[in-house]
Chemist: 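Quick one: this structure, given as structure tokens, is what I'll be asking you about.
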Amino acid sequence: QVQLEESGGGSVQSGGSLRLSCTASKDPYNARCQAWFRQAPGKEREGVASINSDGAAHYGNSVNGRFTISRDDSKSTLFLEMTNLKPEDTGTYYCAIDPRRSCQFGLPPSSRLSVWGRGTQVTVSS
């Protein structure tokens, strides 16, 4: 089974930027749906962004316009470009995939994604 590993997390000040990467161990890598989720301490995991194999992307309301998801299947890598970061963006960020089902029409619920990375921490200070 494919394994996922996130990187790129860190600590930034409010208004700063980070770029997260998620690299898959298996090649070729053509999962239909790839997504980013995050979880803050004491809160439920929430969907941040998803991207389908046809390029259709969707974003959570709180990040729309600030975050950009992209995928490079030739490098088995998923990206999340985060700009204008806010303290409420703090949390552990996870990448996840659904190898077979589409997320063409919207953010999938976390229960749909069958393979998860271990997460990378993002901390935004005010």
Chemist: Could you pull out the closest heavy-atom pair between Ser50 and Gly106, with the gap in Å?
Modeler: OG-O, 3.9 Å
Chemist: Quick test of your reading: applying salt bridge (Lys or Arg N to Asp or Glu O under 4.0 Å), list the pairs with at least one residue in residues 47-57, sequence neighbours left out, ordered by first then second residue.
Modeler: none
Chemist: Among residues at least two apart in sequence or on other chains, which ones pass side-chain contact (heavy atoms from CB on, under 4.5 Å) with Ser7?
Modeler: Ser21
Chemist: Under 3.5 Å, side chain of Glu6 to main-chain N/O of Arg118, donor-acceptor pair present?
Modeler: yes
Chemist: Under the side-chain hydrogen bond (donor to acceptor under 3.5 Å, both in side chains) test, which residues partner Thr83, sequence neighbours left out?
Modeler: none
Chemist: Please enumerate all residues that pass salt bridge (charged side-chain N to carboxylate O under 4.0 Å, His left out) together with Glu88, with sequence neighbours excluded.
Modeler: none
Chemist: Going by the disulfide (SG to SG under 2.5 Å) test, which pairs reach into residues 47-126, not counting sequence neighbours?
Modeler: Cys22-Cys95, Cys33-Cys103
Chemist: Do Leu4 and Thr23 have side-chain heavy atoms sitting under 4.5 Å apart?
Modeler: no
Chemist: For Ser62, check side-chain contact (heavy atoms from CB on, under 4.5 Å) against everything at least two apart and list the hits.
Modeler: Arg38, Glu46
Chemist: Any donor and acceptor pair, going by atom type alone, linking the side chain of His58 with main-chain N or O of Val48 inside 3.5 Å?
Modeler: no
Chemist: Return the set of residues passing side-chain hydrogen bond (donor to acceptor under 3.5 Å, both in side chains) with Gln121 (not counting sequence neighbours), or none when no residue passes.
Modeler: Thr92, Thr123
Chemist: With sequence neighbours left out, what residues match Leu18 under side-chain contact (heavy atoms from CB on, under 4.5 Å)?
Modeler: Val12, Met82, Leu85, Val122
Chemist: May I have all residue pairs that pass ring pair (Phe, Tyr, Trp, His ring centres under 6.0 Å) and include part of residues 59-109, sequence neighbours excluded?
Modeler: none
Chemist: Tell me the closest heavy-atom pair linking Leu107 and Gly60, and the distance in Å.
Modeler: CD1-N, 3.5 Å
Chemist: Linking I/L/V/M/F/W/Y whenever their side-chain heavy atoms sit closer than 4.5 Å, directly or via other members, would Leu113 and Trp36 fall into one cluster?
Modeler: no
Chemist: So, for Ile51 and Arg71, which heavy atoms are closest and what is the spacing to 0.1 Å?
Modeler: O-NH1, 3.4 Å
Chemist: About how many Å separate CZ of Arg32 and OG of Ser53, when rounded to the nearest 0.5 Å?
Modeler: 5.0 Å
Chemist: So does Ser126 get a backbone contact from the side chain of Ser14, meaning a donor-acceptor N/O pair under 3.5 Å?
Modeler: no
Chemist: Return each pair, listed once, that meets salt bridge (Lys or Arg N to Asp or Glu O under 4.0 Å) where at least one residue sits in residues 61-70; pairs must be two or more places apart or across chains.
Modeler: Arg66-Asp89
Chemist: Which residues pass the salt bridge (charged side-chain N to carboxylate O under 4.0 Å, His left out) test with Glu5, not counting sequence neighbours?
Modeler: none
Chemist: With sequence neighbours left out, what residues match Arg101 under salt bridge (charged side-chain N to carboxylate O under 4.0 Å, His left out)?
Modeler: Asp98
